[in-house]
Amino acid sequence: MKVHKEGTGLLLTLFTIFFIVDVALYHTVGRNWVFYTTIIVTTVLFLLVLNFFRSPFRRFPYDSEGLVIAPADGTIVAIEEVMENEILHRKCLQISIFMSVFNVHANWFPVNGTVKHVSHQKGRFMAAYLPKSSTENERSAVVVTTRNGVDVLARQIAGAMARRIVTYAKVGDKCHVDEQMGFIKFGSRVDVYLPVGTEVLIEMDQKVTGNQTPIARLGK
């Protein structure tokens, strides 16, 4: 399993700190319960962070034209029609995916097309599964225009633990569902906004896999 580039620095820092702590304890207190407890705790913590920054190699196995693919691993927490007033300024179908700290946190483009818009908004850090997090939390937005002229908005949303959103997309880029759109560090959420009437292929509380699970089919 590959480690994502966003976690390399943190993992090296943690490993160095934990190694120094463990060696210092070994030379000061010896092999007693304090030393062994610390070894266990530091190892578990390092493995948890390592698990968070895993970056699996994925390719969508079928023809992705016309499909909207899950941009993130997680659980479907919203499928509803909403008024998107920040960027698209129209009524949309919103599909939201909540990522726990145990999910892969790389984000993929949900559709093939051309990047039309990229922006970042500062905000709060409330729990990402709450509906208000879509409009009040810190967030980044990417709009992709498909070959058929459909604008699809993907919004990366920080959660209570997330403190950094990374977005790789740039306006004018040609993008594909197999390419990573960005990364969110720790618990977070990704919302996708589609035209009203888009065929939904998933259901509430369903577990989805980024770059693998079709979540909707765009109209002709």
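The structure displayed is predicted, hence computed values, not measured ones.
- When atom types are taken as modelled, the side chain of Asn148 and the backbone of Val150 share no donor-acceptor pair closer than 3.5 angstrom.
- Counting heavy-atom neighbours within 6.0 Å of Arg59 CZ, excluding the residue itself, gives a total above 12.
- No side-chain donor from either of Thr114 and Asp173 sits under 3.5 Å from a side-chain acceptor of the other.
- Checking Thr145 against Asp151 by side-chain atom types alone, a donor-acceptor pair falls below 3.5 Å.
- In terms of the salt bridge (Lys or Arg N to Asp or Glu O under 4.0 Å) criterion, Glu203 has no residue partners (sequence neighbours excluded).
- Although no hydrogens or angles enter the test, the distance criterion places no donor-acceptor pair under 3.5 Å between the side chain of Thr198 and the main chain of Leu194.
- Defined by atom type and a distance below 3.5 Å, a donor-acceptor pair is missing between the side-chain atoms of Asn107 and Gln180.
- A distance of 7.0 Å separates CG in Asn112 from SG in Cys175, rounded to the nearest 0.5 Å.
- Separation of atoms CD (Gln206) and CD1 (Ile95) is listed at 10.5 Å; rounding is to 0.5 Å.
- Taking OG from Ser96 and CD1 from Ile79, the interatomic distance works out to 9.0 Å, rounded to the nearest 0.5 Å.
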> side chain to side chain contact (heavy atoms under 4.5 Å, CB included) between Lys2 and Phe57: does it pass, once the steps are laid out?
Replying inline: CA-CA 8 Å; Lys2 182 181 176 183; Phe57 176 82; over 6 Å; no
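- No donor-acceptor pair closer than 3.5 Å links the side chain of Asn85 to the backbone N or O of Arg90.
- Each of Glu81, Glu80, Glu84 was compared with Lys91 under the salt bridge (charged side-chain N to carboxylate O under 4.0 Å, His left out) criterion, and only Glu81 meets it.
- Of the inter-residue distances, the one linking Gln212 atom CD with Asp178 atom CG reads 8.5 Å to the nearest 0.5 angstrom.
- Between Thr75 and Lys207, the side chains place a donor N or O and an acceptor N or O closer than 3.5 Å (distance only, hydrogens not considered).
- Here the CG atom belonging to Leu50 is positioned 10.5 Å from the CG atom belonging to Leu10, to the nearest 0.5 angstrom.
- Classification of the Phe19-Phe15 ring pair by plane angle, with boundaries at 30° and 60°, yields parallel.
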>> Working note: Ile184 + Val166, criterion side chain to side chain contact (heavy atoms under 4.5 Å, CB included); need CA distance, chi angles, decisive distance, verdict.
In response: CA-CA 6 Å; Ile184 311 178; Val166 182; over 6 Å; no
>> Quick one, Val142 with Leu153, criterion side chain to side chain contact (heavy atoms under 4.5 Å, CB included). Give me CA distance, side-chain angles, the key distance, then yes/no.
In response: CA-CA 6 Å; Val142 176; Leu153 167 61; 5.9 Å; no
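- Here CD1 of Ile202 is found 9.0 Å from CE of Met204. Values are rounded to the nearest 0.5 Å.
- Phe60 is listed as a side-chain neighbour of Leu67, based on a closest heavy-atom distance under 4.5 Å.
- Ring-plane geometry between Phe46 and Phe18 is classed as perpendicular, the angle between the planes exceeding 60 degrees on a 0 to 90 degree scale with a lower cut at 30.
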